[in-house]
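Heads up, the thing below is written out as structure tokens.
Position 1 is the first residue of the sequence, and the numbers go up from there. Both counts, for ligands and for their atoms, begin at 1 and track the order of listing.
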Amino acid sequence: MITVRVPAKVNVQLGVGGLRADGFHDLANVFFAVALGDEVTASPGEGVTLSCTGPDAAVVPLDDSNLAARAARLLAAHHGLADPGVHLHIAKAIPVAGGMAGGSADGAAALVACDALWQLDTPLPVLLDLAAELGSDVPFALLGGVALGRGRGEILEPLPVEGTFHWIFAVADGGLSTPAVYRECDRLRDRAGTGSGETDVTTPDADPTLLAALAEGDAVALAAALTNDLQPAAVSLRPALAATLRAGTEAGALGALVSGSGPTCAFLAKDAESAAAVAEALLASGTCRAAHATYGPVPGASVVS
Ligand code: C5P
């Protein structure tokens, strides 16, 4: 039996370019891996089967639409294994459809777990290519730490980071569909008259102030530099998020933003004590279903036992 621990992510910068011909958007995407994570355990089985436990387990698909199952089959096919046998158990802590790449994390964890179970020793660059086939956010879940994602988010460059940052995540009731949030972003741009095509939107780039804040371990400077181009779209689809963001800021968070395509909201705190207080205040505010204090950066998908 192989257990792999895998982090959730928050995007400390999510710069979204124009809509490409292939339906994706070019990104300047600064991924940050946090300790809030899932565990995926691979054990010998017949075919590829899944089970899941955790607060959101009831809404996790247990068929081949789950990225963990697709990852197992993709890895087996890559190595020419005709009859892959594995049972994958997902201990789920990452909010489902929450903008924290929980499904992608399970895909990355399944790649690492099956690779170990089947003793394949697949080199990391090959795992990263397979991960990119599974989804835009899967390669980062393998890598962890802090990284700049270009292209649709799959072309990764690890970034220097100093120390530990303290985060709070406010979980909303129900998820948001990532494609729907990107579509809303395009709609808002069209409505504003700026346009949403590749020639209308300047190609985004990483913000040097934000990169310096990460490299210096400066939480105040990082909080001031947090940006997410998908935030207006997520708030447009889920107006209640404005109150969640306000509640966290009023509770003493240094900065707040929607995590990825949402609806989870992320807050940066100055230390662990402050993060615990902000989480408690957020829960008491009634503007979220759950609030988790955590920290990062942490490594990507790794075997723990
Ligand atoms: O790559 P992934 O399957 O996670 O993407 C899900 C959807 O999110 C895509 O089909 C697309 O609608 C949207 N997306 C995008 N631009 C990106 C990443 C995702 O438009 N860079």
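Each of G23, F24, H25, L27, G135, S136, R152, T178, P179, Y182 has a non-hydrogen atom positioned under 4.0 Å from some atom of ligand 1.
Remark: S236 pairs with E184 by the side chain to side chain donor-acceptor pair (under 3.5 Å) rule, at least two apart or across chains.
Here the side chains of V161 and P297 are in contact, with some heavy-atom distance below 4.5 Å. Considering only heavy atoms from C-beta on, D207 stays 4.5 Å or farther from L211 through its side chain.
Using a 4.0 Å cut-off between charged side-chain N and carboxylate O, R73 and D64 make a salt bridge.
There is a side-chain donor-acceptor pair under 3.5 Å between R152 and S136.
Just one residue in the list K92, R70, R5 forms a salt bridge (Lys or Arg N to Asp or Glu O under 4.0 Å) with D106, and that residue is K92.
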